[in-house]
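Structure, as structure tokens:
Counting starts at 1 for both ligands and their atoms, in listed order. These values consider heavy atoms only, across backbone and side chains, with no hydrogens, waters or symmetry-generated copies.
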Amino acid sequence: MVDPRGDLDAVRDLVVRDGEIAELAEPGGGPDVEGAEIVEADGLLVLPAFVDPHVHFRVPGQEHKEDLETGTRSAAAGGYCAVIAMANTSPPIDSAAVLGSVRDRAQSEASIPVGFVANVTRGMEGRELTEMAELRDAGAIAFSDDGLPVSNARVLDRALQYQRLAGGVIALHEEDPELSANGVMHEGEVSAALGMAGIPAVSESTMIARDCALARYEEARVQVQHLSARASVEEIARAKAAGTQVTCEATPHHLTLTDEAVRTLDARFKMNPPLRSEDDRQALIDGLRDGTIDCVATDHAPHAAEEKEVPFEEAAMGVTGLETAFAALYTDLVLPGVLPLELLIERMTCGGEPFGIEAPRLEPGARANIALIDPELAWTVGEDGYESRSYNNCFGGRELTGRVQMTVAAGQVAFRQRSFAMGVAS
Ligand SMILES: [Zn+2]
Ligand SMILES: [Zn+2]
């Protein structure tokens, strides 16, 4: 069992009772568990389960890509016990009525807790603000127009004023549409060689600089989503040093892949922000290590096959990632010694904190949010299909090491590998 926040790194018998961690007993002590289900976890890592502050579950309106049942099953299969779903749906979640309906659906369809953000602007058009206070009262966990930036500084400034009153945080997709223009990949050597229109790193970093300045001016709280570039990490570091209330995320794909992958012309490597240079990737890793980047978020973005099985330039932007986040980062960053396991656990469990979701812990009295992972199991991504309804995973076909065997979310078993056996204590 490893829980970095509790300095726990030991072999224990963990007892879950009534949805809570009841006991962490010395092995062989034989806690009283008659009639309980026994999970033999020899050789497995037992970790606090992960929290993803940034997923797209496509509800309402695009259930052919993902719905709350497949989305939460995909999350649980990745060791996640809670996620936060974005609001760029169809229609977007810009009213209390739409928010209420997705929250109702989650009650019956989701297998792990889902927090829903509501839009910052009506129809995600970037002009008029939504009824932010009313949306908070209706249960919006935060606000975001993710998928799109809030381009108009005056609109964002007013949203920040409301956020300070209504609470929650404003999660920002940072991109200057004029600079990104019709780019389809990172602007650099590879885009030049391929003759493709590029999205420069400054498209992201200049907006981060602007929005951190606005957040500081309004004493509001922002979460900067999916950092992709060195210049962006530098802007966040500057903003934090100046006392801005800003937190930020990086994705597994930006931490492990570069624009070199785009040479394959495989649309599974097309997302926004795009995969950038090796120098950018190294800056993200350093930022994650030193805490400039607070957490890992997948930006799980399911797309139908017909949107991806087209020429690269025409393909939709976005990749799925819930089922492979831990394995990709464990294989590419922990096993080679780039990051310690404890740091990865911390950055994968704390992502809900800016949204008011406590990081899961392995300690008596805590809600049972637990991931069991086989750290030696090598598996080929996608070989047995996916729990997600979509299969635009950028690690598909790759062999990764480390596989989630079982996930307990909010006290309930939310996922178990079929091959993973259990017994009953007598
Ligand atoms: Zn985004
Ligand atoms: Zn997103």
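With respect to the Zn ion (ligand 2), D146 has OD2 as its nearest N, O or S atom. Atom NE2 is the N, O or S atom of H226 at the shortest distance from the Zn ion (ligand 1). The Zn ion (ligand 1) lies closest to atom ND1 when only the N/O/S atoms of H173 are considered.
Annotation: angle subtended at the Zn ion (ligand 2) by D299 OD1 and H54 NE2 is 90°, to 10°.
Between the side chains of N272 and H226, not a single donor N or O lies within less than 3.5 Å of an accepting N or O. In the model, S228 has a side-chain atom that pairs as donor or acceptor with a side-chain atom of E204 under 3.5 Å.
K65 places no side-chain N or O within donor-acceptor distance of the main-chain N or O of F57, the cut-off being under 3.5 Å.
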Exercise for the section: Evaluate the salt bridge (charged side-chain N to carboxylate O under 4.0 Å, His left out) criterion for residues D259 and R276: first the C-alpha distance (whole Å), next the side-chain angles of each, then the deciding distance (0.1 Å), finally the verdict. Expected result: CA-CA 5 Å; D259 60 348; R276 297 203 186 271; over 6 Å; no
